[in-house]
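Keep in mind that what you see is a predicted model, and the values were worked out from it rather than measured. Chain naming here is simple, since letters A, B, ... match the order of the sequence lines and numbering starts at 1 in each.
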Protein chains: 2
Amino acid sequence: MKKYRDIGLKLTPQRLAILDYLEGNKCHPSADDIYKEVLKKFPTMSFATVYNTLATLKEKNTIRELTIDPGKKRYDSNTEPHNHLICVSCNQVIDIHVQFNLDLPQGMNKDFTVLRNHVEFHGLCPLCKEKQL
Amino acid sequence: MKKYRDIGLKLTPQRLAILDYLEGNKCHPSADDIYKEVLKKFPTMSFATVYNTLATLKEKNTIRELTIDPGKKRYDSNTEPHNHLICVSCNQVIDIHVQFNLDLPQGMNKDFTVLRNHVEFHGLCPLCKEKQL
DNA sequence: CTGGCTGCAAATCTTTTGCATCCTG
DNA sequence: CAGGATGCAAAAGATTTGCAGCCAG
């Protein structure tokens, strides 16, 4: 928990619970997932707090907001650049820690300043592949 | 319009209007954008029709659903594989017609069947870059 | 003590659904 | 003429907002 201190925010029990849940989680939970989980520890927890906290953490670059699920936002506590495998059947998202060095071809859209890139591999996860047999 | 015939669907004026709007549009409109536009020609148009049509066209692989905008789905009539520049400030989406041949490193997630990939370059479009000066 | 945070409720926005009616093929 | 499509309204799901009261620093 010491590491959270230098975020520069007030540390409330609710925030710690949200951070803890995100930290040990590779499943890229949605706001609703987070709410449901933290509700177990804090029965008074409200959605507003979850969204407030997520918005604040996003500003501080402590978490990433992923726009990979149609219909809802997902959150990732892993802020190091990495990419994703996405199952087209169950929408599961799997981290892959490979970097691709991609550049726009010379002269193409040279007015656009590229800050980073994100690669998504869409396909079938092992479980869904079996179901389709 | 002849090309629409072989989609294998009933062709209604509303559908033609939606297809026409998508066809001449590189802006990756949302369902609401489409609704607002087609409403001008068909004052009785309803959201249900827009969503029904989009769902049907997606099934027929006539359009792509893009999950690149936090909060809403966007639609792209360009179904050829291509990638996107995304402005982190105004959420504008720009097509780039470059293909990247990417593969997962040998042995990594070999249980996952990759069907396709999608590369997003996040950055600042010319207009937003100017505003930030 | 004070400003930021929480909790609740209401509002907003996007998308989905049920159903009666309409119209393409 | 039949089955699929439309239009309307209501519902569902995700997110945002306003505000009073609370608590970490």
Phosphate OP1/OP2 of dT16(C) contacted by K73(B) side-chain N/O (<4.0 Å): yes
dG7(C) phosphate, OP1 or OP2, under 4.0 Å from T49(A) side-chain N/O: yes
Between P of dC5(C) and CZ of F42(A), the distance in whole Å: 16 Å
Pairs satisfying side-chain hydrogen bond (donor to acceptor under 3.5 Å, both in side chains), at least one member in residues 101-114 of chain A, at least two apart: T113(A)-K129(B)
Nucleic acid contacts of residues 51-65 of chain B, taken as heavy-atom distances under 4.0 Å to DNA chain D: N52(B), T53(B)
Interatomic distance where CZ belongs to R15(B) and C1' belongs to dG25(C) [whole Å]: 13 Å
T12(A) vs dA24(D): side-chain N/O to OP1/OP2 distance below 4.0 Å: no
Between P of dT6(D) and OH of Y35(B), the distance in whole Å: 14 Å
M45(B) CE - dT6(D) P separation (whole Å): 7 Å
Side-chain N,O (Q14(B)) to OP1/OP2 (dG7(D)) below 4.0 Å: yes
Donor-acceptor side-chain pairing of H28(B) and D69(B) below 3.5 angstrom: no
Interatomic distance, D69(A) CG vs dA14(D) P [rounded to whole Å]: 10 Å
Do any N or O atoms of the protein come closer than 3.5 Å to N or O atoms of nucleotides 20-22 of chain D, and which pairs are they?
none

T67(B) (side chain) donor-acceptor with P70(A) (main chain) under 3.5 angstrom: no
Residue pair N52(A) / T49(A), side-chain donor-acceptor N/O under 3.5 Å: no
Short side-chain N/O contact from K72(B) to OP1 or OP2 of dT14(C), under 4.0 Å: yes
Separation of atom CZ in F47(B) from atom P in dA11(D), rounded to whole Å: 18 Å
Short side-chain donor-acceptor distance under 3.5 Å, D95(A) and H84(A): yes
Gap between atoms CG and P, on L9(A) and dG25(D) respectively (whole Å): 10 Å
Protein-nucleotide distance (D33(B), atom CG; dC13(C), atom P), rounded to Å: 14 Å
Nearest-neighbour nucleotide for the A48(B) side chain, dG18(C), dT6(D), dC8(C) considered: dG18(C)
Minimum-distance pair of heavy atoms, taken over all atoms of D32(A) and F47(A): OD1-CZ, 3.3 Å
Flag side-chain contact, heavy atom, 4.5 Å: T12(B) against R15(B): yes
